[in-house]
Amino acid sequence: QVALVESGGGLVQAGASRRLSCAASGLTFSSFAMGWFRQAPGKEREFVAAISRSGGTTNYADFVKGRFTISRNNGKNTVYLQMTSLIPEDTAVYYCAAAYSSLYQYTGLTSEDYGYWGQGTQVTVSS
């Protein structure tokens, strides 16, 4: 049974940094592209970042470019989202997701690309 478990959320001040982690189990992690999405209150879930199976390709939403970095450790079955220069608009529940792909450089950019989802971790940025 596939499980994705996010951690690292919490309350932070504007300008601070935070690292989210997502531990995967029940799947061959290196066969999956991984993504981070977020959903703020009253808004739809939106794409944040994605990384290919090998880690060689990454994609970011425009609003996080230069501030967030996605990475993965296939030996630990874990994907990370390093967030810096946080602003109140980053307040949301952050979800990690997994997408099986036979392509080493594939990254999914929409929710429909991902078949497995975690429960989410809340990040609240205070001003």
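If you read the sequence from its start, that first residue is 1, and numbering goes on from there. Worth knowing before you read on, the calculation uses all heavy atoms, side chains too, and leaves out hydrogens, waters and symmetry mates. Worth saying up front: this structure is predicted, and the values here are computed from it rather than measured.
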Separation of [Y] [atom2] from [X] [atom1] (nearest 0.5 Å):
| X | Y | atom1 | atom2 | answer |
| --- | --- | --- | --- | --- |
| Thr107 | Gln105 | OG1 | CD | 9.0 Å |
| Gln122 | Leu11 | CD | CG | 9.5 Å |
| Asn77 | Thr28 | CG | OG1 | 8.5 Å |
| Met83 | Arg19 | CE | CZ | 11.0 Å |
| Ile51 | Thr57 | CD1 | OG1 | 9.0 Å |

- Does NZ or CZ of Arg72 fall inside the cone over Phe29's six-membered ring, less than 6.0 Å from its centre and within 45° of the axis?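 The answer is yes; both the distance and angle limits are met.
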
Under 3.5 Å donor-acceptor, [X] side chain and [Y] backbone:
| X | Y | result |
| --- | --- | --- |
| Tyr60 | Ile70 | yes |
| Arg38 | Val48 | no |
| Arg18 | Gly8 | yes |
| Ser52 | Ala33 | no |
| Thr121 | Tyr94 | no |
| Glu6 | Gly120 | yes |
| Arg53 | Tyr104 | no |

Answer yes if [X] and [Y] sit in the same cluster of Ile, Leu, Val, Met, Phe, Trp and Tyr residues linked by side chain heavy atoms under 4.5 Å apart, and no otherwise.
| X | Y | value |
| --- | --- | --- |
| Tyr116 | Tyr114 | no |
| Tyr106 | Leu27 | no |
| Val93 | Phe47 | yes |
| Tyr95 | Leu4 | no |
| Met34 | Val2 | yes |

- Query: With side chains defined as the heavy atoms from C-beta onward, is the minimum distance between Leu86 and Phe68 less than 4.5 Å?
  - Reply: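 Result yes, sub-4.5 Å side-chain heavy-atom pair found.
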
If I compare all heavy atoms of [X] with all of [Y], which pair ends up nearest, and what's the gap?
| X | Y | answer |
| --- | --- | --- |
| Ser127 | Ala14 | CA-CB, 4.3 Å |
| Leu20 | Gly9 | CD2-N, 3.6 Å |
| Ala50 | Gly108 | CB-O, 3.4 Å |

- Yes or no on side chain to side chain donor-acceptor pair (under 3.5 Å) for Gln82 and Thr84, after CA distance, side-chain angles and deciding distance? CA-CA 7 Å; Gln82 178 68 49; Thr84 64; over 6 Å; no

- Are there more than 12 heavy atoms of other residues, nucleotides or ligands under 6.0 Å from atom CD of Gln119?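 Incorrect, the count does not exceed 12.
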
